[in-house]
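Report on the structure given below.
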Amino acid sequence: MSACIFCKIAGGEVASQFVHEDEEVVAFKDLNPIAPTHLLVVPRKHIARVADATQEDERLLGRLQLVVAEVAKKAGLTDFRVVTNNGKGAGQSVDHLHYHVISGRRMNWPPG
Ligand code: AMP
């Protein structure tokens, strides 16, 4: 059994508020939202971070971005930010690839 929290969520062992589920990708509401809308788009396959993706994951990475667009559309978002943190120093706290979809407040650039 995996100890990874996002594997557990994707596998239904830990409850979450799903906004999307298919064979390869799930999306759910972030437990500690940093904006009025804060969704996480996550592959079912355990890839620790985007730097660990391989050629084999090329199609899955494309699929993840399409799901980002789908969940944003479903949530009625026009302006939103898509972020993936790669490594602790960049702010990654869960070692399972995920894209944050953040919206509903002013976004600053450059990000902090
Ligand atoms: P990161 O810090 O980029 O790795 O993002 C991890 C995100 O996962 C954070 O925004 C957390 O709030 C979120 N998170 C951690 N545990 C859960 C959970 N059980 N359900 C939903 N979101 C979670």
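What you see below is based on every heavy atom in this structure, not just the backbone, and it leaves out hydrogens, waters and symmetry mates. First listed ligand is number 1; within each ligand, the first listed atom is number 1. Bear in mind the structure is a predicted one, so any value in this text is a computation, not a measurement.
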- Note on the structure: Checking heavy atoms under 4.0 Å, the part of His100 that sits near ligand 1 is side chain

- Just wondering, are more than 12 heavy atoms of other shown residues or ligands nearer than 6.0 Å to CZ in Arg59? no

- Message: Strictly distance-based, threshold 3.5 Å: is any side-chain N or O of Gln92 a donor or acceptor partner for the main-chain N or O of Gly87?
- Response: yes

- With atoms numbered from 1 as shown, which atoms in ligand 1 lie under 4.0 angstrom from a non-hydrogen atom of Lys29? 21 (C)

- Task: Nearest heavy atom to atom 4 (O) of ligand 1 wins, so pick from Ser93, Ala15, Ala90.
- Result: Ser93

- Query: Just by distance, do the side chain of Ser16 and the backbone of Phe28 share a donor-acceptor pair under 3.5 Å?
  - Reply: no

- Query: Among Ile9, Asp95, Ile102, Ile34, which residue places a heavy atom closest to atom 18 (C) of ligand 1?
  - Reply: Ile9

- Message: What I want to know is whether Asn85 and ligand 1 share at least one N or O pair that is separated by under 3.5 angstrom.
- Response: yes

- Item | Exam field: side chain Arg44 to backbone Asp22, donor-acceptor pair closer than 3.5 Å | yes

- Message: Taking the basic N atoms (NZ, or NE/NH1/NH2) and the acidic carboxylate oxygens, is any pair closer than 4.0 Å for Glu58 and Arg63?
- Response: no

- Query: Counting heavy atoms only, which of Asn32, Val42, Leu31, Val94 is nearest atom 23 (C) of ligand 1?
  - Reply: Leu31

- Message: Under 3.5 Å between any N/O of Gly91 and any N/O of ligand 1: does that happen in this structure?
- Response: yes

- Among all protein heavy atoms, pick out the one at the shortest distance from atom 8 (O) of ligand 1; state its residue, atom name and that distance to 0.1 Å. Phe6 CZ, 3.4 Å

- Item | N-O pairing of Lys45 and Glu56 below 4.0 Å | yes

- Message: Any side-chain to backbone donor/acceptor pair from Arg81 onto Asn108? Under 3.5 Å, distance only.
- Response: yes

- Message: Any nitrogen or oxygen of Asp30 lying under 3.5 Å from a nitrogen or oxygen in ligand 1? Just yes or no.
- Response: yes

- Considering only heavy atoms of Leu40, which atoms of ligand 1 have at least one such atom less than 4.0 Å away? 8 (O), 13 (C), 22 (N)

- Check: Ala51 main-chain N/O paired with Asn86 side-chain donor or acceptor under 3.5 Å: yes

- Around atom 5 (O) of ligand 1, find the nearest protein heavy atom and jot down its residue, atom name and distance. His98 NE2, 2.9 Å

